[in-house]
Amino acid sequence: LPFPDSTAPAIDALQAIFSSYVRDLLMADVGVRRELPDAVHQMRVACRRLRSALKTFRPLLDDDSVTYLRDELQWLASELGEVRDTEVQRVRLCKLSDDADTTSFIAETLDARLRAATSSALAALRTDRHDYLIEDLILLVSEPPVTAAAFNPASQQLPACVAQPWKRLKKSVGKASVDGPAEKWHDVRIRAKQARYAAEAAAPVLGDTFTRLGKSLAKATDILGNRQDAHVASLVLRDLAQQAPGAVAYRLGIITAHNEIAGTQDIQDFLHRWPDIVHRAKEAGLD
């Protein structure tokens with residue numbers, strides 16, 4: 001469906017947004033079944049964008065329908081999660097290793113995990129639960145369960161919806177610090193993704209200021225994603241070290257130390273970009 005201009009009813013914008021994301025999910029679904037490169041990642045992104053849109057535009061949607069669809073999309077994303085996480089960690093940890101035996105141990109161990117995770121994910125795509133979800137998503141596009149407010153102009157309704165995830169992000173950043181716990185920065189990352197997806201969803205309808213905000217947030221979420229990957233990598237390395245022979249276990253410990261230093265730099269990079277993000281939000285009228 002084409003994106004309407006901002007004077008059109010908000011329901012038209014919602015249909016265009018949902019249509020785009022459901023199409024992306026269906027295309028990625030085919031790729032996962034064919035085991036194409038990056039297909040699992042693309043399918044998880046489509047799930048996250050749909051869940052985010054359902055949350056962002058919740059004031060314009062029937063609450064019960066939104067809750068059900070978000071829960072089912074979370075289930076689907078979780079079924080794919082182990083595959084994607086293992087793919088990411090295999091690439092990251094092999095790059096960090098400069099020893100052939102250590103690299104071989106990492107690759108062989110994670111490849112075995114990846115095969116098991118892929119088998120489980122493909123089984124989930126063959127279930128009735130998955131088929132029912134696809135049917136419900138197609139219905140979401142054709143007959144979105146909207147409230148009366150969705151028939152007001154998009155320019156009146158969408159900015160207020162996008163403002164909510166932005167406010168939650170600002171609050172989360174205010175509670176975090178460079179040397180704070182990983183959980184705080186994981187929360188910032190989640191909030192930043194929600195704000196980014198909200199801005200990107202509305203941008204084709206609301207215009208350039210939301211496009212610029214989305215791009216600024218995209219750079220930030222990439223940085224925070226590296227930070228989270230570094231945190232997960234440390235956990236994976238400790239697990240691998242318990243299974244590894246002595247010399248390899250020692251090298252895995254060294255890799256862990258270097259990895260954690262890189263994670264701290266990511267936080268500093270994010271904080272350096274934060275003022276620009278705030279500026280973009282002000283341009284979009286959210287701050």
Side-chain angles (χ1 to χ4, degrees), residues 1-22 24 45-61 66 70 144 146-176 184-227 266-287:
L1 293 175
F3 284 93
D5 64 36
S6 62
T7 62
I11 185 175
D12 293 352
L14 294 181
Q15 283 187 292
I17 292 166
F18 293 145
S19 174
S20 173
Y21 294 162
V22 171
D24 290 345
V45 169
C47 286
R48 286 200 300 267
R49 287 188 181 277
L50 274 165
R51 290 190 76 242
S52 177
L54 289 167
K55 183 175 183 178
T56 297
F57 303 114
R58 196 165 192 157
L60 307 177
L61 297 165
V66 167
R70 279 177 51 81
V146 296
T147 63
F151 293 93
N152 294 324
S155 59
Q156 293 180 13
Q157 299 297 326
L158 268 58
C161 292
V162 177
Q164 292 307 308
W166 165 248
K167 291 176 182 178
R168 288 191 289 267
L169 171 59
K170 279 190 68 177
K171 185 177 180 179
S172 182
V173 172
K175 294 180 177 179
K184 288 286 187 182
W185 285 105
H186 183 52
D187 183 65
V188 171
R189 175 178 175 250
I190 291 172
R191 301 299 187 190
K193 277 195 172 185
Q194 290 171 347
R196 169 193 173 182
Y197 290 157
E200 290 177 340
V205 179
L206 297 182
D208 292 344
T209 56
F210 285 83
T211 299
R212 289 193 290 269
L213 174 60
K215 288 181 178 179
S216 186
L217 284 166
K219 294 176 183 176
T221 55
D222 287 344
I223 292 170
L224 293 172
N226 287 333
R227 169 67 188 90
D266 289 329
I267 292 174
Q268 293 172 342
D269 289 346
F270 169 79
L271 291 174
H272 178 73
R273 287 183 176 273
W274 179 244
D276 177 68
I277 297 171
V278 173
H279 173 69
R280 296 301 182 189
K282 288 180 179 179
E283 282 188 333
L286 302 182
D287 204 16

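Here the structure is a predicted model, which means the values were calculated and not measured.
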- Parallel, tilted or perpendicular: which describes the rings of W185 and F270, with under 30° parallel and over 60° perpendicular? perpendicular

- Can D266 and L224 be said to form a side-chain contact (heavy atoms from CB on, under 4.5 Å), step by step? CA-CA 7 Å; D266 289 329; L224 293 172; over 6 Å; no

- Task: For side-chain contact (heavy atoms from CB on, under 4.5 Å), just list the numbers for C161 and L60, CA-CA rounded to whole Å, side-chain angles, deciding distance to a tenth of an Å, and then say yes or no.
- Result: CA-CA 9 Å; C161 292; L60 307 177; 4.2 Å; yes

- Between the main-chain N or O of L217 and the side-chain N or O of T221, is there a donor-acceptor pair closer than 3.5 Å? yes

- Message: Name the residue from P4, P153, P144 that meets the side chain to side chain contact (heavy atoms under 4.5 Å, CB included) definition with D12.
- Response: P4

- What is the minimum heavy-atom distance between R227 and I267, and which atoms define it? NE-CD1, 3.4 Å

- R168 side chain to R191 backbone, donor-acceptor under 3.5 Å: no

- Item | Minimal non-hydrogen separation, G214 against R196, with atom names | O-CG, 4.0 Å

- Is it true that E200 and R49 have a side-chain N and a carboxylate O under 4.0 angstrom from each other? yes

- Note on the structure: The reported gap from NZ in K55 to CZ in R70 (rounded to nearest 0.5 angstrom) is 5.5 Å

- If you round to the nearest 0.5 Å, how far is NZ of K219 from CZ of R273? 5.5 Å

- With side chains defined as the heavy atoms from C-beta onward, is the minimum distance between L158 and F210 less than 4.5 Å? no

- Query: Below 4.5 Å, heavy atoms only, C-beta onward: do P59 and T147 meet side chain to side chain?
  - Reply: no

- Task: Test K282 against V278 for side-chain contact (heavy atoms from CB on, under 4.5 Å), laying out the working first.
- Result: CA-CA 6 Å; K282 288 180 179 179; V278 173; 4.0 Å; yes

- Message: What I'd like to find out is whether the side chain of R58 reaches to under 4.5 Å of the side chain of L61, using heavy atoms alone.
- Response: no

- Query: Going from NZ on K215 to CG on D276, what distance comes out if it is rounded to the nearest 0.5 angstrom?
  - Reply: 12.5 Å

- Item | Side-chain ion pair, D287 and K170, N-O less than 4.0 Å | yes

- Message: Measuring from atom NE2 of H272 to atom CD of Q268, what distance do you get when rounded to the nearest 0.5 angstrom?
- Response: 11.5 Å

- Task: Return the minimal non-hydrogen interatomic distance between G225 and R189, and the atom names on each side.
- Result: CA-NE, 3.4 Å

- S216 versus R280, side-chain donor and acceptor atoms under 3.5 Å: no

- Taking every heavy atom of V188 against every heavy atom of L169, the minimum-distance pair comes out as O-CD1, 3.8 Å

- Query: Can you name the nearest heavy-atom pair linking V162 to A202, along with the distance?
  - Reply: CG2-CB, 3.8 Å

- Task: Using side chain to side chain contact (heavy atoms under 4.5 Å, CB included) as the criterion, point out the one residue from L54, L50, T56 that pairs with S52.
- Result: T56

- Task: Could you pull out the closest heavy-atom pair between A16 and F3, with the gap in Å?
- Result: CB-CD2, 3.6 Å

- Task: First locate atom CD of Q157, then atom CG of N152, and finally report the distance between them rounded to the nearest 0.5 Å.
- Result: 4.5 Å

- Message: Just verifying a value: how many Å separate F18 CZ and F57 CZ, rounded to the nearest 0.5 Å?
- Response: 7.5 Å

